[in-house]
Each structure stands twice: as C-alpha cells, then as structure tokens.
Protein chains: 2
Amino acid sequence: MNRLSLNQITTKGWSLPEAVQGCVDAGIPAIGLWRDKVAEVGVERAARLCRDAGLAVSSLCRGGFLTAATADGRRAALADNLQAIEEAAELGTDTLVLVVGGLPEGSRDLAGARRRVADLLAELAPHAGDFGVRLAIEPLHPMFCADRAVVSTLGQALDLAGPHPVEQVGVVVDSYHVWWDPDLAAQIARAGSRIAAYQVCDWTLPLPADALLGRGHVGDGHIDFATLTSQVTAAGYTGWIEVEIFNQEIWDTPGAQTLQTLIERHRAHVAAP
Amino acid sequence: MNRLSLNQITTKGWSLPEAVQGCVDAGIPAIGLWRDKVAEVGVERAARLCRDAGLAVSSLCRGGFLTAATADGRRAALADNLQAIEEAAELGTDTLVLVVGGLPEGSRDLAGARRRVADLLAELAPHAGDFGVRLAIEPLHPMFCADRAVVSTLGQALDLAGPHPVEQVGVVVDSYHVWWDPDLAAQIARAGSRIAAYQVCDWTLPLPADALLGRGHVGDGHIDFATLTSQVTAAGYTGWIEVEIFNQEIWDTPGAQTLQTLIERHRAHVAAP
C-alpha cells in the first residue's frame, strides 16, 4: 500500500477534491493528477488540497503533443509544456508525464514527427530542470502511433531521453503500453534510473469500440505483473506505482468501490511478489 | 502490375474459382490463397484452376498457431502445419505464411509462449525444406499479441528465423503490422533475403469494433508506402506485393470493383516510387 497511487483518470467521475478525499478514506497515500481536473479548482487550491490531506502527488498528466509541423503549432506546444512544468512544480510533483502526440493531420511522415519530438524535448528539458521537474516520456501502445504518440517502445523513449540529464528527462513504464514488447526486459534493465513512473493496468480483450478505453483492472487480463514489477524493481525503481485505467465501465462504478478493487489487486498482483 | 498479387481474403465474398477469374479479368498476375477457400474446392482442383489460368500463387495463408502449452495441442499444431506445408507445395507456392498464435487460454506466460514457437519452428523447418516450402513468420501488430500472435516485431521474427536455413524460414513484412516500429528501417535492412513476402494495406482510424477488420486500401491511411517499399526493395526483395485487407466495408464491395481499386492504389502508392 505504501507505494500505491491513484491516477485520477481511474475515477474520472470524481472532481479533484472528491478524489483527494477518496484516497484519504481508502488509505491510499498518493495521487497522480490530471491538468483538466486541476484547472477546475485552480493549481494553488489543488496543491493545498493534496498537501493538507497528506497526499503525495506522484505525477502530473500530461504534457507533450510535440509533433506539430508548423511554427505556430510548435510555439503553442512549447508554451503549453512550459506551463505544465510550472504547474507540476507548484503541485509538488517532480514528474510530468509526456504523451508526445501523433502524426499531424494528413501527414505520413512518421520519421519527421519523431524528429520534432526530439527537437522540442531539447528545448524543454533545461526548463524542466530549472523547476525541479522531470519530463517523463511515455511510450504508448503502437495502436496509438498515428493519432496519439509516435513514441511506441521503451527503447525508443530511452533513445530520446539519452541526450539529456537523467534528472531532466525520464521515461514512463506503463504496463498496458509495453507488456507485449519482446525487448522489454532488456529495455527496463537499460532504463535504470531513467524510470520516472511505473503505471499499471491490464490488457483485456476484446478491445472496445473506442480503443482508448480498453484497459482493465490489474489481474483481469493478460499481463504478468509479478514478472514486470520484479523487472522494474531490479532496475532500481522504488517510486510510486500508479493505477491508471481508461474504462467506461470502471468510470461508471462508484469511486470508493473502484479504490477498494485497486487496493485488493495491488496486494494480490503487484505488491505481493 | 507485374508484381501485384491479390490476397484472396481481400475479396472474402468470392470463392476460389471466382477470385481466380477476377484476377484474370483484371490482369492481376498472382494470388495469395487461404486454406479454407482452397478446402472448399480441394487442393488438387485449386492448384489446377490457378495453373490453367496462368496465375502464380504468391503464398498460402496460413500455418502457425504454435503456442499450445499441452502435448496434445502441440501434436495437433505439428500435424496441421505439416499438412499446410504439403498443400503449399501442391498449390505451387514456396511461401507458407505463419501466424504464430497468442497466449493459451488463461496463461500470462508470454515468454513461455514465445519459446514454444521457437521449439515448433525447429521441428517444422526441415519438413518445409523437404517440400521446397519456406515458413514465413508474420509479426502481427502488438494489439494482437494476446490473442493471435506473440511475434510482434520484425526483429523478433528475424531472431526466430535466424537459426534456420534462409530457404526454410523467412519473414513477412506486412505494412499494417510493422509500420509504427521505430526500428523498422534497420530491421528491413537486416532481413535481406529473409523477406519471403511483402503484404500491403493501410492503417486507418478509428479502429472498428472488431479490431481485426480495421485495415484500409493503400492510400487511405497513415502509412508511407513509398518509403516502406523502397526499404523493402533496397533489402533485395523482388517478389510479389500482396494486397491483404480485412475490412467489412471492402468485403461488402463487388470484387471486380475492389480489384480496380487495388490496381489504382498499387500504381499510385506502391509501384510508382
């Protein structure tokens, strides 16, 4: 329990104050925040709510969307990410999760989009360092490559992080996105102190009509969390384990009940081994 | 046109005789056959129909499903693949496409399933060699890892092929399954003469309710076929370019119309560069 964190998208129906109270009631010691939920109450109040409740903020979701091909799009992305970095610092977390963005509308230039991610990362990393925040590149499942994230593997995320100081740029290991990767064990070992966040949820089938919402509770699907967690631990990661689930059925479940399931599954599949 | 092949799943509504006639009428010089369609007319008649029509058989789909964890399942898979090898030879193709299978029911042992693929490949490869047939390992998109194919990248397929003679075990490059891979260019170059088949269709969004059926005509989606085709060509591949599309809307389209679209798209996106 002492490493468990609720990523607040898992209880999407809850406002930030409700999610904070829910964690307190359930004894969950940390929360991963989303910027839209933070914006509803304001950054300052969100920070105070977490602090007063004794909740750690494990991460802020999310910056990124760095693939714009136009100068305007690039400027907007820089401005938005600079703001996200400041928000993360004010909220008291050192981890800003980056979903890097997909192909620009009508473009088939995947290599170009990937180069632009590297370029903007280089501009953002020193700013993140100034605020004591680490940019955590999240490789997304390859089925989201076209529309959401052109970073598709942990190895690719590590290649992008490589040129930057480890305290400025890290990576996210999210079970749902990387579990299938035949090179995963080697890349987790390689990642070492680059691992900025470990997020969990399960791969369940069939995929729903909206493929974004196919994630299941830990233990309901095909992922071997004992092995994955031991690999992440062996790489030296001792930080928060965030449960991040996009799933309409779980979103329709009362939040307190969802948190009890999180705790049970964490004990059975993640913490125990 | 002289390298274009119709994978007959693209015209799923057609029987084998109809597909053969459709290719002849459209001037498409080759066809990739499916075992269920071949079985409807019998292997001998299917072979004769293609031969008499002057159609090359670019491949047979499919063998594989090699991940069974039980001795019975393993024996059944061996028997079925040996039969598929003989059918390929009788049909006059040297390429048997392998979809290797997903996790067995209830299993989370992905590494174990992958090991069993390697084990059964080693048993099958010499038999394939005896019949002049090459086992073509097809990496499937990672979204099919749990239920359909635990081989998820071209690099992994090449690692599996590596121990075997190049004329016994090769790989399939299917645009839909591999286009997202950040390591793709390097792995295609590495593949060289291991490339046994090049299949094309496009990645289109949104994914449909049945994720298997989300493939689009070349040119309708996000894949850069000019670059991909030039990489496959630079690796030394001069064989058939098979169009293989799973898509209910295309299946509901008259076959002759689908073939005209195939030809137009082939000229515009694949053959031209």
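Throughout, protein chains are lettered first and strands after them, A, B, ... in sequence-line order, and every chain is numbered starting at 1. Basis for what follows: all heavy atoms, side chains included, without hydrogens, waters or symmetry-related copies.
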* **A/Met143 vs B/Leu207 side-chain heavy atoms within contact, under 4.5 Å** => yes
* Structure fact -> Most heavy-atom pairs under 4.5 Å with chain B, out of A/Pro206, A/Pro142, A/Ala211, A/Gly102, belong to A/Pro142
* Are B/Cys145 and A/Trp179 side-chain neighbours, meaning at least one heavy-atom pair lies under 4.5 Å? -> yes
* Structure fact -> By side-chain contact (heavy atoms from CB on, under 4.5 Å), A/Thr67 pairs with (sequence neighbours left out) A/Ala113, A/Val117, A/Val150
* Asked: If you count heavy-atom pairs under 4.5 Å with chain A, which of B/Ile223, B/Leu205, B/Leu103, B/Asp183 comes out on top?
  -> B/Ile223
* Which one of B/Gly155, B/Ala111, B/Gly221, B/Ala209 has the most heavy-atom pairs closer than 4.5 Å to chain A? -> B/Gly221
* To do: Report yes if the side chains of A/Trp180 and B/Thr153 come closer than 4.5 Å at any heavy-atom pair, otherwise no.
  => yes
* **Per-residue contact mode, A/Asp159 against chain B (heavy atom under 4.5 angstrom)** => neither
* Asked: Side chain, backbone, both or neither: which part of A/His222 has a non-hydrogen atom closer than 4.5 Å to chain B?
  -> both
* **Any donor-acceptor N/O pair, B/Arg108 side chain to A/Phe225 backbone, under 3.5 Å** => no
* Structure fact -> Here the pair of heavy atoms bringing A/Gln156 nearest to B/Pro182 is OE1-CG, 3.3 Å
* Asked: Between B/Asp210, B/Val151, B/Leu110, B/Asp109, which residue shows the highest count of heavy-atom pairs closer than 4.5 Å to chain A?
  -> B/Leu110
* With a 4.5 angstrom heavy-atom cut-off, could you sort out which part of A/Ala146 is near chain B: side chain, backbone, both or neither? => both
